[in-house]
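What follows is a set of notes on a single structure, which appears directly below.
Just so you know, ligand 1 is whichever comes first in the structure, and atom 1 is the first atom listed for that ligand.
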Amino acid sequence: MKNFLSVGDVSNLDQLIETALAYKSSPLKDNSLGKDKTMGMLFLNPSMRTRLSTQLAAKNLGMDSIVFNVGQDGWALEFEDEAIMSGTTVEHVKDAAPILGKYFDVLGIRTFPSLKNKEEDYSELYIKQFIKYSGIPVVSLESATLHPLQSLTDLITMREVYKEKRKPKVVLTWAPHVKALPQCVANSFSQWVNYWGGADFVITHPEDYDLSKQFTKGATIVHDQDEALDGADFVYVKNWSTFDDYGKMYVNDPRWMLTQEKIKKTNNAKVMHCLPVRRNVELSDEILDSSNSIVTQQAGNRVWAAQAVLSEILKG
Ligand code: CP
């Protein structure tokens with residue numbers, strides 16, 4: 001593996017999941033793989049789980065990591081080629097990234113979308129500029145359109161929890177929120193579940209909240225949440241803003257919040273969320289505090305997903 005930006009960078013998904021679960025059983029079994037190597041982790045946006053789990057994963061592989069909060073501590077970066085930098089940006093990625101390539105062996109980047117310019121966000125300009133100019137492997141710690149470490153974790157968690165022979169019914173449901181959020185987690189979950197092909201996959205959301213078809217193709221899309229939840233084995237809860245009329249929040253209908261009453265329609269579904277979650281807006285206390293919720297197990301698995309990916313990069 002050279003870079004990790006999407007499921008397209010994975011050559012054998014089942015094997016990657018098995019690698020992650022093997023690390024969960026034996027975290028230090030490859031603890032010299034990253035000896036004398038250092039991972040730089042650049043955050044243009046906040047993070048708790050991704051930051052800490054990736055640092056732990058690097059540590060388990062014997063690799064140092066250094067975190068740099070670009071958004072708070074660094075110079076404002078310019079990403080457009082041939083920009084006339086007479087505005088607020090101070091340093092071009094063309095100058096900064098090669099230096100990072102000299103300091104580090106692997107580079108992790110978190111860079112959220114603007115939600116203002118769909119073409120720019122969906123071109124993944126920022127992370128692609130780091131790949132172009134750093135000269136070292138780049139791992140997405142969540143980019144403008146995708147969150148691959150989260151999605152790998154999600155598949156690992158479903159593999160771990162689900163023991164039936166038949167395909168699970170997996171439902172991704174839109175949830176209310178107080179502000180417009182990126183489509184990254186929903187895009188990425190859709191991309192990975194579709195690629196995996198091991199589920200009967202349904203996406204439910206209010207009309208006008210369609211995700212990009214490049215990620216949802218293969219899933220069944222319904223606008224009636226009750227119909228979607230019928231017989232579900234897993235319900236993945238997530239808010240996202242509009243894609244077509246980009247970055248808007250049209251409705252915030254509280255009836256879309258998953259409740260214990262709605263869980264009765266499911267096959268006693270396990271409930272997932274990438275976290276952080278707005279309690280009693282996206283998901284009710286009664287669900288989050290019930291045995292249906294596997295959000296803590298899911299977040300715990302972030303370490304093993306990151307470790308599996310970093311090990312592939314180090315071997316590559
Ligand atoms: N799920 C997730 O990416 O969490 P953080 O934003 O805390 O990293």
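- Listed by number with element, the atoms of ligand 1 under 4.0 Å from a non-hydrogen atom of Leu275 are 1 (N), 2 (C), 4 (O).
- With a 4.5 Å cut-off between side-chain heavy atoms of Ile, Leu, Val, Met, Phe, Trp and Tyr, the cluster of Val93 takes in Leu5, Leu42, Leu44, Ile66, Phe68, Val70, Leu77, Phe79, Ile99, Leu100, Tyr103, Phe104, Leu107, Ile109, Leu125, Tyr126, Ile127, Phe130, Ile131, Tyr133, Ile136, Val138.
- For His273, no heavy-atom contact with ligand 1 is shorter than 4.0 Å.
- Distances from atom 3 (O) of ligand 1 to the heavy atoms of Arg51, His147, Met48 put His147 nearest.
- Every N/O-N/O distance between Pro276 and ligand 1 stays at or above 3.5 Å.
- Of all protein heavy atoms, the one lying nearest to atom 4 (O) of ligand 1 is Arg49 NE, 3.0 Å.
- Within the listing of ligand 1, atoms 1 (N), 2 (C), 3 (O) sit less than 4.0 angstrom from a heavy atom of Arg302.
- Side chain to side chain, Asn69 and Arg51 meet the donor-acceptor criterion of an N or O pair below 3.5 Å.
- Thr145 and Glu124 share a donor-acceptor pair across their side chains, judged by distance under 3.5 Å alone.
- Of all the atoms in ligand 1, the ones that sit under 4.0 Å from a non-hydrogen atom of Cys274 are 1 (N).
- The protein heavy-atom contact nearest to atom 6 (O) of ligand 1 is Arg110 NH1, 2.9 Å.
- A salt bridge does not link Asp226 with Lys264: every distance from a Lys NZ or Arg NE/NH1/NH2 to an Asp or Glu carboxylate oxygen is 4.0 Å or more.
- Of the heavy atoms in Leu141, none comes closer than 4.0 Å to ligand 1.
- Of the candidates Lys238, His147, Glu142, Arg49, Cys274 forms a side chain to side chain contact (heavy atoms under 4.5 Å, CB included) with just one, namely Lys238.
- Using a cut-off of 4.0 Å between Lys/Arg side-chain N and Asp/Glu carboxylate O, Glu160 and Lys24 are scored as salt-bridged.
- For the residue pair Asn187 and Ser212, no side-chain donor N or O sits within less than 3.5 Å of a side-chain acceptor on the partner.
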